[in-house]
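Inspection log for the structure reproduced underneath, given as structure tokens.
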Amino acid sequence: MLNPQRSLSELPKMSAASQVERAVLEEEFNWLLKEEVHAVLKQLQDVLKEASRRFSMPTPGLESQLKQENFILGSSTMDQVKGVLTLQGEALTQADINLKVAKSSQVLHFQFREDKLWKLQQIQDARNHVNQALGLLGSRDESYHFKTGAEVNKLMDAVMLQLTRARNRLTTPASMTLPELATSGLMKMFTPPMPGDVMVNFYINLSKLCLTVYQLHVLPPNTTKNYRPAGSSVLHNPGAMFELNNNRFEVSHVHKVECVVPWLNDTLVFFTISLQLCQQLKDKISVFSSFWNYRPF
């Protein structure tokens, strides 16, 4: 039975080999905190600055910094909707859309008003999260000395949270109800104005810029028996119903067209690389902490 009064000198001594091993590990860990952590932070900053640069809006007088890119929407199998979108960073600066009406084969043409541009909230939010991550990284310059692994892990967790949120904004479009779509500012962007039986929505899905066009028809006033208002969704299907200004509508046709935006794909790759760098640094710290469970790594 262990005697609690037993002196420390009577306890087994650490072997000389163990002491040497611990000293070597201590030295390696200090080098990690002093040198390698800052090398990783610098690498992360370089990658995320590239991501942030692709998101940026042009500043006045420096419009050429961020080129306008035209993207053709449409598909070989479906010609009901065709269009050309002009994207500059986070802003759609022009949209030119042709819609072939299902019943009459009449072609409707809409484009953004000259005085309007549409900021894509997903890109804005993703950019803001990237900039917050850069702010966290910039708060620890090269002269800063990390004292524990826990301190590094805390910073990495905070950076990874911002990067995960940035990635999720691009991979997960916002759900919207049909009345929200019908009353959104986007519907006031076009000339000629959109007719009351057409709605549009733009969103990002991974590296794609998507346009969805909804054609509607008004339900008779006495339609109550089978009326079921649709909830919130990224993409509503034909048959979805909603009420607006005392009128009930049903979606009769849905047309979705999209195009790949290469720099969005680059940005998602940057996020993946950055998250891997953060995790690799955390893994290295956990290797050391497994040797010294008594220390607050």
Side-chain angles (χ1 to χ4, degrees), residues 71-85 87 92 95-112 118-123 125-126 167-190 192-261 264-265 268:
F71 296 98
I72 298 172
L73 294 165
S75 70
S76 56
T77 57
M78 189 182 80
D79 62 355
Q80 281 93 344
V81 175
K82 290 184 176 178
V84 179
L85 303 181
L87 186 64
L92 275 174
D96 198 301
I97 300 168
N98 289 317
L99 167 65
K100 186 185 287 185
V101 180
K103 289 180 181 177
S104 63
S105 293
Q106 173 193 5
V107 177
L108 303 179
H109 178 243
F110 310 97
Q111 59 185 25
F112 278 178
W118 183 253
K119 290 189 178 180
L120 292 160
Q121 189 67 45
Q122 286 173 268
I123 296 181
D125 291 347
R167 184 175 64 183
N168 287 348
R169 284 303 285 130
L170 299 181
T171 58
T172 313
S175 294
M176 293 181 74
T177 65
L178 289 163
E180 284 171 346
L181 273 178
T183 55
S184 80
L186 183 58
M187 298 302 294
K188 302 177 179 69
M189 293 283 295
F190 292 92
M194 284 268 173
D197 60 351
V198 175
M199 298 193 307
V200 298
N201 190 25
F202 294 109
Y203 59 88
I204 302 295
N205 186 13
L206 291 165
S207 59
K208 291 177 180 175
L209 175 56
C210 306
L211 164 66
T212 306
V213 180
Y214 297 97
Q215 288 182 252
L216 315 170
H217 67 84
V218 180
L219 292 170
N222 58 355
T223 307
T224 54
K225 186 179 177 183
N226 297 317
Y227 176 73
R228 290 185 184 82
S232 191
S233 180
V234 174
L235 183 67
H236 293 272
N237 294 319
M241 301 175 189
F242 69 103
E243 187 168 344
L244 186 68
N245 299 329
N246 296 319
N247 286 318
R248 287 178 171 176
F249 297 88
E250 182 178 16
V251 175
S252 56
H253 296 83
V254 181
H255 312 292
K256 183 186 171 188
V257 286
E258 57 190 29
C259 56
V260 173
V261 179
L264 279 175
N265 191 60
L268 289 165

Quiz item: Distance under 6.0 Å and angle within 45° of the ring axis: does R248 meet both against F242?
Solution: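 Judged by the rule (NZ or CZ under 6.0 Å from the ring centre, within 45° of its axis), R248 is not positioned above F242.
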Of all heavy-atom pairs between [X] and [Y], which one has the smallest distance, and what is that distance?
X: F249; Y: G196; value: CE2-O, 4.4 Å
X: C259; Y: F71; value: SG-CB, 3.3 Å
X: F112; Y: L92; value: CE1-O, 3.5 Å
X: N201; Y: L186; value: CA-CD2, 3.8 Å
X: G185; Y: W118; value: C-CZ3, 3.6 Å
X: V234; Y: A174; value: CG2-O, 3.9 Å

Contact between [X] and [Y] at the side-chain level, heavy atoms closer than 4.5 Å - yes or no?
X: L120; Y: L209; result: yes
X: L99; Y: V198; result: yes
X: L264; Y: I204; result: yes
X: L87; Y: V261; result: yes
X: K82; Y: K100; result: no

Quiz prompt | Stepwise side chain to side chain contact (heavy atoms under 4.5 Å, CB included) test for V254 and L235 | solution = CA-CA 9 Å; V254 181; L235 183 67; 4.0 Å; yes
Spatial distance of atom [atom1] ([X]) from atom [atom2] ([Y]) [nearest 0.5 Å]:
X: L181; Y: T212; atom1: CG; atom2: OG1; value: 8.5 Å
X: M187; Y: M199; atom1: CE; atom2: CE; value: 7.0 Å
X: I123; Y: D125; atom1: CD1; atom2: CG; value: 10.5 Å
X: N205; Y: L170; atom1: CG; atom2: CG; value: 9.5 Å
X: L268; Y: R167; atom1: CG; atom2: CZ; value: 8.5 Å
X: N98; Y: Q111; atom1: CG; atom2: CD; value: 9.5 Å

Quiz item: Excluding sequence neighbours, so at least two apart, what forms side chain to side chain donor-acceptor pair (under 3.5 Å) with K208?
Solution: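 Partners of K208 by the side chain to side chain donor-acceptor pair (under 3.5 Å) criterion, ordered by chain and then number, come out as E258.
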Quiz item: Among all residues two or more places apart in sequence or in another chain, which pass the side chain to side chain donor-acceptor pair (under 3.5 Å) test with D96?
Solution: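 Per chain and number, D96 pairs via side chain to side chain donor-acceptor pair (under 3.5 Å) with H109.
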Under 3.5 Å: donor-acceptor pair, side chain of [X], backbone of [Y]:
X: S232; Y: M176; answer: yes
X: Y214; Y: H236; answer: yes
X: S252; Y: Q215; answer: yes
X: E250; Y: H217; answer: no

Exercise. Taking atom types as modelled, find out whether H253 and Q80 have a side-chain donor-acceptor pair closer than 3.5 angstrom.
Key: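 Judged by distance alone, the side chains do not pair up.
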Practice problem: Go through the side-chain N and O atoms of E243 and N247 and say whether any donor and acceptor fall under 3.5 Å apart. | Solution: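 No pair is found: no donor N or O on one side chain lies under 3.5 Å from an acceptor on the other.
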Quiz prompt | Set of ring pair (Phe, Tyr, Trp, His ring centres under 6.0 Å) partners for F202, sequence neighbours left out | solution =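 For F202, no residue satisfies ring pair (Phe, Tyr, Trp, His ring centres under 6.0 Å) once neighbours in sequence are set aside.
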Quiz prompt | From V213, L85, L211, residue fulfilling side chain to side chain contact (heavy atoms under 4.5 Å, CB included) relative to V257 | solution =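 Per the side chain to side chain contact (heavy atoms under 4.5 Å, CB included) rule, the option paired with V257 is L211, out of V213, L85, L211.
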